[in-house]
Structures are given as structure tokens and as C-alpha cells.
**Q** 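Sharing a structure here in C-alpha cells format.
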Amino acid sequence: MIYLAKKGQTSYGEDIGILLLDTFCPFIPGDVGNASSYDYPVRFKKVAGLSVEKILSLDKSYLPAVINSAKELEQEGVQAITSDCGFMAIFQNELKKHLRVPVFLSSLLQIPMITSLIKSDAKLGIITADSQALIDQVFAKIGLKKADNLIIRGLENSSAFVRTVMQESGFLDEVAIKKEVVQVAKRLQTDERKLGAILLECSMLPPYGLAVQQETNLPVFDFLTMVNYVHSSLSKKNFGEQ
């Protein structure tokens with residue numbers, strides 16, 4: 001087999017490129033921003049200036065910076081591009097126009113698939129960083145409506161999560177945040193008896209998916225279920241002769 005070098009590419013084998021917010025938070029195993037969360041190599045790229053505050057305020061002025069960072073990832077050889085924040089959905093449609101590779105910036109893109117898996121009258125619970133920011137406009141940017149079958153709950157009043165994510169304290173109490181996420185999930189299930197599945201929208205929540213699943217006994221989707229799904233389309237297994 002003969003291999004050819006690609007101009008502008010400095011390393012190889014990183015199929016998934018991940019756009020990161022410009023934030024001061026520790027990314028623990030299971031977080032989208034932690035390379036150990038994956039069974040395959042990934043490549044990261046920070047979007048300078050795009051902070052948590054900016055993205056939660058749906059600041060579209062950072063589109064050029066997002067495009068530039070994504071183009072750099074594409075030039076460096078990635079085969080698909082995601083992000084570490086579901087609210088980057090506001091850039092989804094515009095970014096696709098500027099790239100050759102697939103773009104899947106938000107965990108919310110899984111909604112049509114998840115709702116097709118559960119009963120027609122069942123509800124999908126979404127646990128997000130800030131429920132006040134997850135407005136119709138965000139859904140519209142990925143071609144979805146904020147439908148009646150979506151029940152949204154946020155972590156904007158959860159003190160440990162807020163200290164780490166919104167206030168950027170620089171430290172993360174895994175036990176405390178897990179407890180807060182599970183509490184939100186339990187209240188969600190208590191409030192909505194027809195809850196059929198849960199989507200953890202925030203990229204920092206996959207580490208707590210198992211605890212939520214064990215507590216609610218429901219299917220739990222998150223950013224990593226989406227990233228792994230897309231990666232499986234880019235790196236197929238050889239089932240031929242060994």
C-alpha cells in the first residue's frame with residue numbers, strides 16, 4: 001500500500017475534530033473535552049474568545065472565528081467536526097456551508113432519532129446547562145421545533161455546576177455535580193410520568209450518564225453517544241477474512 005502526505009496536515013488518524021469554547025474548566029474523563037473519553041484519537045481546537053457567557057447569550061458574532069477554527073481542523077485532516085457545547089447549534093447551518101466534512105455541533109441533533117425510538121406519546125427529557133438559554137431559536141438553527149414532547153430542565157440553579165461552568169472557578173467537584181444532575185433527572189421523572197428517555201445536552205454531563213441511567217432506568221443519550229455514532233460511520237470495521 002502506498003500512502004501520500006496531505007498538504008497542511010501534521011498528524012494523521014484523528015477522524016473527529018472538536019471545537020472547544022474558550023473557558024477555564026477542568027475536563028474530566030467522560031467530558032467531550034477530555035481525550036481519554038474516546039477509544040480513538042481526536043483533535044481539539046479552541047475558538048478564541050468564545051466563552052461560556054458568550055455562547056449562552058447566543059452571540060453569533062463569533063461565527064467567523066468558528067469558521068476559521070473549523071477550517072483549520074479540516075486542513076489538519078479531520079473527517080468530521082463537532083463541538084464541546086450543545087449551544088453551538090446556532091452555528092450549525094452556516095458552518096456546513098464552509099466545510100467539505102460533516103458538521104455535527106450540537107447533541108440536540110439526536111432529538112429526531114431519540115423521539116422516533118420511544119412511544120409516540122412519550123416525552124424526551126433534556127437536561128441542559130441553562131434552560132433559560134435553550135430557546136426556540138436554538139432548535140430552529142438545527143431545523144427543529146421546540147415541540148411539546150420535549151421537557152427541558154436546567155442546571156443554572158445547581159451551585160456546584162454553576163461554580164465550575166458559569167463562574168469558571170477552575171475546580172470541579174465530581175461528586176457534588178453528579179448529585180445535582182441526578183437530582184434534576186429524578187425531579188424530571190417525577191414531574192413527567194410519560195418520560196421515555198433523557199438527553200444530557202451539555203458536553204460536561206456524559207460522566208454522570210451512568211448515574212442518571214441507574215436512577216431513572218431510562219435510556220440516556222449524551223454528546224458522546226452522538227460522537228461515537230458519527231465516528232462509527234467514518235471508521236468501519238473490516239468483517240472480511242482476517
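Keep in mind it's a predicted model, so treat the numbers as computed, not measured.
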**Q** Side chains of Lys237 and Ser232: closer than 4.5 Å at any heavy-atom pair?
**A** no
**Q** Run the side-chain contact (heavy atoms from CB on, under 4.5 Å) check on Lys45 and Ser69 step by step: do they pass?
**A** CA-CA 6 Å; Lys45 183 76 66 175; Ser69 296; 3.8 Å; yes
**Q** Near Asp148 CG, under 6.0 Å, is it more than 12 heavy atoms from other residues, nucleotides or ligands?
**A**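 Check fails, neighbour count at 12 or below.
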**Q** Is any side-chain heavy atom of Leu19 less than 4.5 Å from a side-chain heavy atom of Leu95?
**A**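 Leu19 reaches Leu95 side chain to side chain.
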**Q** Side-chain contact, heavy-atom cut-off 4.5 Å: Tyr62 with Ile67?
**A** no
**Q** Using modelled atom types only, decide if a donor and an acceptor are shared between the side chain of Asn149 and the backbone of Asp121 within a distance under 3.5 Å.
**A** no
**Q** Can a salt bridge be assigned to the pair Arg43 and Asp15 using a cut-off of 4.0 Å between side-chain N and carboxylate O?
**A** no
**Q** For residues Leu205 and Phe223, determine if any side-chain heavy atom of one lies less than 4.5 Å from a side-chain heavy atom of the other.
**A**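 Leu205 does not reach Phe223 side chain to side chain.
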**Q** Using distance alone, with no hydrogens and no angle criterion, decide if Asp59 and Ser61 have a side-chain donor and acceptor under 3.5 Å apart.
**A** yes
**Q** If we ignore hydrogens and angles and just use 3.5 Å, is the side chain of Glu14 paired with the main-chain N or O of Pro41 as donor and acceptor?
**A** no
**Q** List the steps and the verdict of side-chain contact (heavy atoms from CB on, under 4.5 Å) for Val165 and Leu172.
**A** CA-CA 9 Å; Val165 179; Leu172 185 152; over 6 Å; no
**Q** Taking the side chain as C-beta and beyond, is there a heavy-atom pair between Phe27 and Val32 under 4.5 Å?
**A** no
**Q** Between Thr82 and Phe104 (side chain of the first, backbone of the second, donor and acceptor by atom type, cut-off under 3.5 Å), is there such a pair?
**A**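 Here the side-chain-to-backbone pair exists.
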**Q** Using distance alone, with no hydrogens and no angle criterion, decide if Glu156 and Ser131 have a side-chain donor and acceptor under 3.5 Å apart.
**A** yes
**Q** Might you confirm whether atom CD of Glu53 has over 12 heavy atoms from other residues, nucleotides or ligands at distances under 6.0 Å?
**A** no
**Q** Check for a donor-acceptor pair, side chain of Asn68 on one end and backbone N or O of Pro64 on the other, with a separation under 3.5 Å.
**A** yes
**Q** Determine whether a donor-acceptor pair (N or O, by modelled atom type, separation under 3.5 Å) exists between the side chain of Thr164 and the backbone of Phe171.
**A** yes
**Q** Applying side-chain contact (heavy atoms from CB on, under 4.5 Å) to Phe91 and Val103, what does each step give before you reach the verdict?
**A** CA-CA 10 Å; Phe91 303 121; Val103 176; over 6 Å; no
**Q** Counting N and O atoms only, with roles assigned by atom type, does the side chain of Ser83 sit under 3.5 Å from a partner on the main chain of Cys85, one being a donor and the other an acceptor?
**A** yes
**Q** So which heavy atom on Gly196 is nearest to which on Leu218, and how close?
**A** O-CD2, 3.8 Å
**Q** Side chains of Tyr38 and Asn228: is there a donor and an acceptor less than 3.5 Å apart?
**A**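 Tyr38 vs Asn228: no donor-acceptor pair found between side chains.
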**Q** Side-chain contact, heavy-atom cut-off 4.5 Å: Arg153 with Thr128?
**A** no
**Q** If you take all heavy atoms of Leu234 and Ala80, which pair is closest and at what distance?
**A**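 That closest heavy-atom pairing would be CD1-CB, 3.7 Å.
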**Q** Run the side-chain contact (heavy atoms from CB on, under 4.5 Å) check on Lys96 and Asn93 step by step: do they pass?
**A** CA-CA 5 Å; Lys96 287 193 302 182; Asn93 289 333; 3.7 Å; yes
**Q** Sub-3.5 Å donor-acceptor pair from the side chain of Gln189 to the main-chain atoms of Thr216, do we have one?
**A**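 Yes, Gln189 side chain to Thr216 backbone: donor-acceptor pair under 3.5 Å.
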**Q** Is a side-chain N or O of Gln110 found less than 3.5 angstrom from the main chain of Leu199, in a donor-acceptor match?
**A**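 Not confirmed, Gln110 side chain does not pair with Leu199 backbone.
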**Q** Can you tell whether the side chains of Lys123 and Glu192 come within less than 4.0 Å, N to carboxylate O?
**A**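 Result for this pair is no, no salt bridge flagged.
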**Q** Taking only Lys NZ, Arg NE, NH1 and NH2, and the carboxylate oxygens of Asp or Glu, determine whether Lys141 and Glu94 approach each other closer than 4.0 Å.
**A**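 No.
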**Q** Does the side chain of Pro112 reach to within under 4.5 Å of the side chain of Leu144, using non-hydrogen atoms?
**A** yes
**Q** Is there side-chain contact between Glu201 and Ile127, with heavy atoms separated by less than 4.5 Å?
**A**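 A side-chain contact is absent here, since even the closest heavy-atom pair is not under 4.5 Å.
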**Q** Do Asp22 side-chain atoms and Gly49 backbone N/O form a donor-acceptor pair below 3.5 Å?
**A** yes
**Q** Could you check whether any side-chain N or O of Glu180 sits under 3.5 Å from a backbone N or O of Ser159, counting only pairs where one atom can act as donor and the other as acceptor?
**A**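 Yes; judged by distance alone, with no hydrogens or angles, the pair exists.
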